[in-house]
Amino acid sequence: MLHIFNTLTRRKETFKPIEPGKVKLYVCGMTVYDFCHIGHARVMVVFDMVQRWLRASGMEVTYVRNITDIDDKIIKRAVENKETIKALTDRFITAMHEDADALGIERPTYEPRATEYVPQMQNIITRLMDKNYAYQADEGDVNYAVRNFKNYGQLSGKSLDDLRAGERVAVTGGKQDPLDFVLWKTAKADEPADTKWESPWGVGRPGWHIECSAMSCELLGKHFDIHGGGADLQFPHHENEIAQSEGAFSDETGKPFVNTWMHNGFVRVNEEKMSKSLGNFFTIREVLKVFDPEVVRFFILKAHYRSPLNYSDAHLEEAKQGLTRLYNALSTVEDIPTYGKPSTWRTRFAQVMNDDFNTPEAIAILFELAGEINKAEGPEKLEERRDLARELKQLAKLLGLLERPAQEFLQAGGGSQSADNDTAAIEAAIQARADAKQGKDFAKADQIRQDLLAQGIVLEDKPGGVTLWRRA
């Protein structure tokens, strides 16, 4: 059975979907005013892995990952660029999809934009005001009255007094309590027209937290299975989502907003927090100029999703070498079968994945399989090697790995898709070597091999006169 660490209860729990065989999953997505960074890559890869495993376990998954396409940063960037909000956000949504596709991220079932759900947000705000969970301040903003929600702090594990004393809480005019947060922002005169909506509280726009309550409740219902996101969202964003959603609907449902909360760990760069001010801020597309997208995915999955992830070129190089080992093992086997009998490999793989999605242990099993392939030498063990290779490919596929022909990856060398060496020139050199061998000019053939090796190109002669090559 699947066990998931629930941030809300702070323990691993047996996962039981609300509706047998069906899972409703919501993940907080990107705010689209710039290119996605490595932290975004981790969220996308982690929850892509989660939904893949849930589906592989026979469950029907409805996966929602939202897009924040209206907020202060978006408005500021659009004004600076002298473009509309939609032009800006459309451009970066396209870029986000390009990055996600490169990393092998399967598209969510639904990918709602905040601007499409303003009426639903207004409906929740109205309910909260009717139930005395929200109020309109003198300057026009509608705020959530945190102290009126008795369970506030349950996700972060902090008391209201602890939170009030915390330095994260900013005291602003119009709030009854410094912990209160905005649900509806009154429009400013100098803000663009496409950032303003009519409402019962005047012209304005939604606050950030309310959008996820509206989109998740609309698409998944007011009580659903799993809510995920980065650890940085646990407080205040997810804490506020609980307050909003349960404040509005718990008397109707009699249930909590979400059964299981999942949070992936932080990403650090060379053991420091990633930030533009430190000069260690990397976008996904910057990293993909140097490393193959599958190497980045492999690097992310090598760490347990709840653990901190330390990004560095050295760790990416290590991931590249590891993935190369797996592809090298597959490259030695031709005609890998598609089907086979269930095995102890699959049983072990399922056991570790069902233990809170333990991808490091799952990848360790992939390396064991690669080792067994390499040990099964000789024609008498051909079928054994083919069965092992099938298991390796099929189990890796559940993580979104090893889905390309082995030679394609090996010839790219785990680097960016724009390789330094020209493939046509390499193939021409290999042909020249074959011609030299046929003409019995073995010194020339050896020299060509050495010249290619000096360029980082490794040749491997196969039976039948076939020569394969890969980058070292």
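All residue numbers in this chain count up from 1 along the given sequence. Both backbone and side-chain heavy atoms feed into the values below; hydrogens, waters and symmetry mates do not.
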Keeping the roles fixed (side chain from Asn66, backbone from Glu111), state whether a donor-acceptor pair exists under 3.5 Å.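 Looks like no, no N/O pair under 3.5 Å.
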When you check the side-chain N and O atoms of Asn354 and Gln351, is any donor under 3.5 Å from an acceptor?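 No, Gln351 and Asn354 have no side-chain donor paired with an acceptor closer than 3.5 Å.
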Listed partners of Phe442 passing ring pair (Phe, Tyr, Trp, His ring centres under 6.0 Å), at least two apart: none
Examine Phe15 together with His3 and report whether their ring centres are nearer than 6.0 Å.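 Between His3 and Phe15, which both carry aromatic rings, the centre distance is not below 6.0 Å.
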Heavy-atom closest contact (His40 atom, Cys36 atom, distance):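 Looking at all heavy atoms of both residues, the closest pair is ND1-CA, 3.3 Å.
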Closest heavy-atom pair and its distance - Val267, Gly39: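 Minimum heavy-atom separation between Val267 and Gly39: CG2-CA, 4.0 Å.
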What's the shortest heavy-atom distance between Met121 and Ala114, and which atoms?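 What the structure gives for the nearest pair is CE-O, 3.1 Å.
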Pairs under 3.5 angstrom only: tabulate donor-acceptor contacts from the side chains of residues 361-372 to other protein residues two or more places apart or in another chain.
| residue | atom | partner | partner atom | Å |
| --- | --- | --- | --- | --- |
| Glu368 | OE1 | Arg348 | NH1 | 3.2 |
| Glu368 | OE2 | Arg348 | NH2 | 2.8 |
| Glu372 | OE2 | Lys375 | NZ | 3.0 |

What distance do Asp292 atom CG and Leu103 atom CG have between them, rounded to the nearest 0.5 Å? 10.0 Å
Which heavy atom of Leu330 sits nearest a heavy atom of Leu402, and at what distance? CD1-CD1, 4.0 Å
Just so I know, are the side chains of Asp34 and Arg77 near enough to count as touching, which here means a heavy-atom distance under 4.5 Å?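 Yes - at least one pair of side-chain heavy atoms lies under 4.5 Å apart.
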Arg385: partners by salt bridge (charged side-chain N to carboxylate O under 4.0 Å, His left out), with sequence neighbours left out: none
Is any side-chain heavy atom of Met353 less than 4.5 Å from a side-chain heavy atom of Phe349?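 Of all side-chain heavy-atom pairs linking Phe349 with Met353, at least one is under 4.5 Å.
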For Met59, is there any backbone N or O sitting under 3.5 Å from a side-chain donor or acceptor partner on Ser57?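 Pair absent, no side-chain N/O of Ser57 close to backbone of Met59.
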Taking only residues two or more places apart in sequence, or in another chain, which ones meet Phe92 in a ring pair (Phe, Tyr, Trp, His ring centres under 6.0 Å)?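 By the ring pair (Phe, Tyr, Trp, His ring centres under 6.0 Å) rule, Phe92 matches Phe35.
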Check whether any side-chain N or O of Glu239 sits under 3.5 Å from a backbone N or O of Ser156 as a donor-acceptor pair, and report yes or no.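 Here the side-chain-to-backbone pair exists.
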With sequence neighbours left out, the residues meeting salt bridge (charged side-chain N to carboxylate O under 4.0 Å, His left out) with Glu318 are Lys302
Could you give the side-chain donor-acceptor pairs of residues 217-231 under 3.5 Å, partners two or more places apart or in another chain?
| residue | atom | partner | partner atom | Å |
| --- | --- | --- | --- | --- |
| His223 | ND1 | Pro256 | O | 2.7 |
| Asp225 | OD1 | Ile18 | N | 2.7 |
| Asp225 | OD2 | Lys24 | N | 2.8 |
| His227 | NE2 | Glu241 | OE1 | 2.9 |
| His227 | NE2 | Glu241 | OE2 | 3.2 |

If only atom types and distance count, is the side chain of Arg297 paired as donor or acceptor with the main-chain N or O of Gly104 below 3.5 Å? yes
With a cut-off of 6.0 Å (strictly less than), are more than 12 heavy atoms of other residues, nucleotides or ligands near CD of Gln438? no
State, with a plain yes or no, whether a side-chain heavy atom of Met30 is found less than 4.5 Å away from one of Thr68.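 Of all side-chain heavy-atom pairs linking Thr68 with Met30, none is under 4.5 Å.
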Under 3.5 Å: donor-acceptor pair, side chain of Thr109, backbone of Tyr63: yes
Applying salt bridge (charged side-chain N to carboxylate O under 4.0 Å, His left out), which residue pairs with at least one partner in residues 8-17 are found, sequence neighbours left out? Arg11-Glu13, Lys12-Asp355
Once you round to the nearest 0.5 Å, how far does OG1 of Thr359 lie from CD1 of Ile300? 10.5 Å
Inter- and intrachain pairs under ring-ring contact (aromatic ring centres under 6.0 Å, His included), touching residues 304-344, at least two apart: Phe282-Tyr311, Tyr327-Phe409
Where do Leu392 and Leu326 come nearest, in terms of heavy atoms and distance?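 Smallest heavy-atom distance, with atoms named: CD2-O, 4.1 Å.
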Using the test salt bridge (charged side-chain N to carboxylate O under 4.0 Å, His left out), find all partners of Arg55 that sit at least two apart in sequence or belong to another chain.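 With neighbours one apart ignored, the set is empty.
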Closest non-hydrogen atom pair between Tyr26 and Ser216, with its separation: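 The answer is CD1-CB, 3.5 Å.
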Partner residues of Glu294 under the salt bridge (charged side-chain N to carboxylate O under 4.0 Å, His left out) criterion, sequence neighbours left out: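 For Glu294, the residues satisfying salt bridge (charged side-chain N to carboxylate O under 4.0 Å, His left out) (neighbours in sequence not counted) are Arg404.
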Check: Asp356 side chain, Phe5 main-chain N or O, donor-acceptor pair, under 3.5 Å: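 It does hold such a pair.
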Checking the side chain of Glu246 only, and the main-chain atoms of Phe257 only, is there a donor and an acceptor separated by less than 3.5 Å?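 At least one qualifying donor-acceptor pair exists.
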Pairwise side-chain contact, Phe47 with Asn264, heavy-atom cut-off 4.5 Å (strictly under): yes
Could you list the residues that satisfy side-chain contact (heavy atoms from CB on, under 4.5 Å) with Asn240, not counting sequence neighbours?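 Partners of Asn240 by the side-chain contact (heavy atoms from CB on, under 4.5 Å) criterion, ordered by chain and then number, come out as Tyr152, Phe181, His209, Pro236.
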Sort and list the pairs that fulfil salt bridge (charged side-chain N to carboxylate O under 4.0 Å, His left out) and have at least one residue in residues 386-403, not counting sequence neighbours.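 Non-adjacent pairs meeting salt bridge (charged side-chain N to carboxylate O under 4.0 Å, His left out): Arg52-Glu403, Arg346-Glu391, Glu383-Arg386, Asp387-Arg390.
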Hey, what do you get for CG (Leu8) to CH2 (Trp261), rounding to the nearest 0.5 Å? 8.5 Å
